[in-house]
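Let me begin by presenting the structure, written as structure tokens, before commenting on it.
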Amino acid sequence: MSDSYSGEVCAVARALIGAVVRHGETAGVIVETEAYHESEPACHAHIGRTPRTLTLFGPPGRAYVYRSYGVHAMLNAVAEPDGIAAAVLIRALQPCDGIELMRARRGRERLEELCSGPGKLTQALGIGLVHNGVDLDAGPVTISLPGGPPPDIVVSRRIGITKAVDLPWRFSVRGSRFVSRGGARVAASVSRSAR
DNA sequence: CATGGGATTGACT
DNA sequence: GTCAATCCCATGC
């Protein structure tokens with residue numbers, strides 16, 4: 001057990017469902033996450049320590065923010081002890097505060113289009129690469145854990161990756177209309193296979 | 001220093 | 001369902 005991965009980051013990814021991400025006057029409840037760990041090739045840190053992955057190897061509770069496809073910023077929470085690289089990708093939020101500001105930043109009106117994807121939510125909350133490494137307890141970007149009963153969580157495969165595609169490391173709120181595009185696809189394929 | 005590859009999104013067929 | 005936009009970073013000469 002000590003020589004193989006224990007699965008801690010998946011527990012964190014699950015625990016973060018229902019948590020609140022806040023930046024300034026904007027905030028939302030996490031409805032979708034994915035886990036990444038240095039032991040599997042889809043994780044940026046799989047290649048080892050580089051300037052880019054340094055945050056991933058640092059202490060837990062910090063933000064790892066990177067640019068995807070030259071266009072979008074992605075928000076992660078570092079999730080394993082100092083020296084072990086792992087993070088939880090925040091993939092979708094249910095908007096709760098600062099909705100008008102989110103609409104202005106996104107150029108969209110419908111609530112479902114504000115934070116239903118990892119690139120969308122960073123745009124809606126005004127999160128960028130400058131927030132890489134910030135302490136998520138101290139801010140300016142914060143994540144506060146949920147207080148209520150645990151929501152009904154669906155486990156599925158991660159989206160948009162080309163390696164380790166079979167790991168069931170994606171977590172989302174069952175039936176939420178605020179999950180990302182891939183969530184709808186999974187729901188469709190599930191109902192199709194259930195026929 | 002040049003090159004290639006993305007943890008995506010939005011518009012279009 | 002398909003496809004381009006666009007930039008940071010890792011790698012190789």
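So you know, we letter chains A, B, ... as the sequences are listed, proteins then strands, and number each from 1.
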Check: Y66(A) side chain, dA7(B) base, donor-acceptor under 3.5 Å: yes
H44(A) ring center near Y36(A) ring center (under 6.0 Å): no
Gap between atoms OH and P, on Y64(A) and dA7(B) respectively (whole Å): 9 Å
Between dC8(C) (C1') and R52(A) (CZ): distance, integer Å: 7 Å
Proximity to the side chain of L89(A) - top-ranked nucleotide from dA7(B), dG10(B), dT8(B): dA7(B)
dA7(B) phosphate, OP1 or OP2, under 4.0 Å from K163(A) side-chain N/O: no
Within-4.5 Å side-chain heavy-atom neighbours: V12(A) and E80(A): no
N/O (side chain, R106(A)) to phosphate O (OP1/OP2, dG10(B)) under 4.0 Å: yes
Nearest to side-chain heavy atoms of Y36(A), which nucleotide of dA10(C), dT9(B), dA7(B): dA7(B)
Among dA7(B), dA10(C), dC8(C), the one nearest T50(A) by side-chain distance: dA10(C)
Intra- and interstrand pairs of DNA chain C - dot-bracket, Watson-Crick/G-U under 3.5 Å, | marks other strand: |||||.||||||.
Sugar-phosphate only, base, or nothing, as touched by R49(A) at under 4.0 Å among non-hydrogen atoms: nothing
Main-chain N/O of P168(A) paired with R157(A) side-chain donor or acceptor, under 3.5 Å: no
Closest to the I47(A) side chain, choosing from dT11(C), dA7(B), dT9(B): dT11(C)
Carboxylate-amine/guanidinium proximity below 4.0 Å for K120(A) and E113(A): no
Distance test, side-chain N/O of R91(A) to OP1/OP2 of dT8(B), below 4.0 Å: yes
Minimum-distance nucleotide to V71(A) side chain [options: dT9(B), dA7(B), dA5(C)]: dA5(C)
Interatomic distance, Y69(A) OH vs dC7(C) C1' [rounded to whole Å]: 13 Å
Cationic N near anionic O, under 4.0 Å, E34(A) to R158(A): no
Whole-Å gap separating C1' (dG10(B)) and CD (E112(A)): 17 Å
Nearest-Å distance for atom pair CG/P, residues L56(A) and dA7(B): 12 Å
Atom-to-atom span, CG of N132(A) to P of dC8(C) - whole angstrom: 13 Å
Test item: N76(A) side-chain N/O and A87(A) main-chain N/O as donor-acceptor pair under 3.5 Å: no
Which residue lies more 5' along DNA chain C, comparing L129(A) with H72(A) via nearest heavy atoms: H72(A)
Side chain to side chain donor-acceptor pair (under 3.5 Å) evaluation trace for T142(A) with R22(A): CA-CA 5 Å; T142(A) 61; R22(A) 186 172 296 279; 5.3 Å; no
Rounded distance (Å) that lies between atom P of dA5(C) and atom CZ of R67(A): 17 Å
Check: H37(A) ring centroid to H46(A) ring centroid under 6.0 Å: no
For atom CE of M74(A) and atom P of dT9(B), their distance in whole Å: 6 Å
Distance below 4.0 Å between S68(A) side-chain N/O and dG6(B) OP1 or OP2: no
